[in-house]
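Read through the structure below, which is laid out as structure tokens, and then see the notes.
Side chains are part of it too, since the values below use all heavy atoms of this structure and drop only hydrogens, waters and symmetry mates. Just so you know, ligand 1 is whichever comes first in the structure, and atom 1 is the first atom listed for that ligand.
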Amino acid sequence: MKKKLIAGNWKMNGSLAANESLVRALLAGMGGAGCTVAVCVPAPYLVQLQALCAGSALELGAQDVSQHEQGAFTGEVSAAMLKEFGVRYAIVGHSERRQYNGESDALVAEKAKAALAHGVTPIVCVGETLAQREAGKTEEVVKRQLAAVIHSNGHCISEIVVAYEPIWAIGTGKTATPEQAQQVHAVLRAQLKAATAHSQRVAILYGGSMNSANAASLLAQADIDGGLVGGAALKAPDFLQIIAAARQAPAA
Ligand code: PGA
């Protein structure tokens, strides 16, 4: 039985003061275990978050990682560096990075590999644009994106987390219906099953305007193992309600 995973993606938001009050409110309201909770924060705040989360159940995540080990890569942050700050997860291939930073499927696969090599769990994001959905290409797109990661990571693939984030649902307030999301999650699960005997270990998160009102119905789906939450992760009451919904959701 696997616990649900709720990961907040703060994106490029926060300040020392705002982070502290948000994290303190989360720690006060989170209660005991029941589901895994993480916050993926901008790199400069990792040291602050490491101190704030020490000894708590709140896990730390980064929003990106370099595919390189070390060296002349100005601006990049390596997986080994993340590990030094207690980072357990690193988002890779978020659609905003694919779109604004031109990240390809191959690069995302290399980033996942670099994370895994240092014991950081990559949260591999896949998802289609509205145009791709309307053209009936959703399955083809997400399978291509995940295939690249499966291809370069071999048997380690059971150690990743996948996040299905339809691009048209990110930050738009338009959520995929639970049925739409489940349909894609089932496709991804089947793809993982063909790649590893341990596919059930892989958490497949839904992301895209998940909020306190829609979380329970999404998390009730058979192949939805948690959420990658943007906007609603910046407000403690909303994020806490999503965590509560995950705790109550049927376990896979
Ligand atoms: P959103 O973002 O919840 O604000 O739609 C999700 C994400 O981009 O990870």
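For residues 76-95, no pair satisfies ring-ring contact (aromatic ring centres under 6.0 Å, His included), with sequence neighbours left out.
For CD of Q70, the number of neighbouring non-hydrogen atoms (other residues, nucleotides, ligands) closer than 6.0 Å is 12 at most. With a 6.0 Å radius and a threshold of 12 heavy atoms from other residues, nucleotides or ligands, Q191 has its CD atom above the threshold.
I91 and V162 sit in two unconnected hydrophobic clusters of ILVMFWY residues. Membership requires side-chain heavy atoms under 4.5 Å apart, directly or through other members.
Within 4.0 Å of ligand 1, contacts by protein heavy atoms are made from N9, K11, H94, E165, A169, I170, G171, G208, S209, L228, V229, G230, G231.
Classification of D225 and R189 as a salt-bridged pair holds, one side-chain N sitting under 4.0 Å from a carboxylate O.
For the pairing with L82, the side-chain contact (heavy atoms from CB on, under 4.5 Å) check across L60, D64, L46 returns one residue only, L46.
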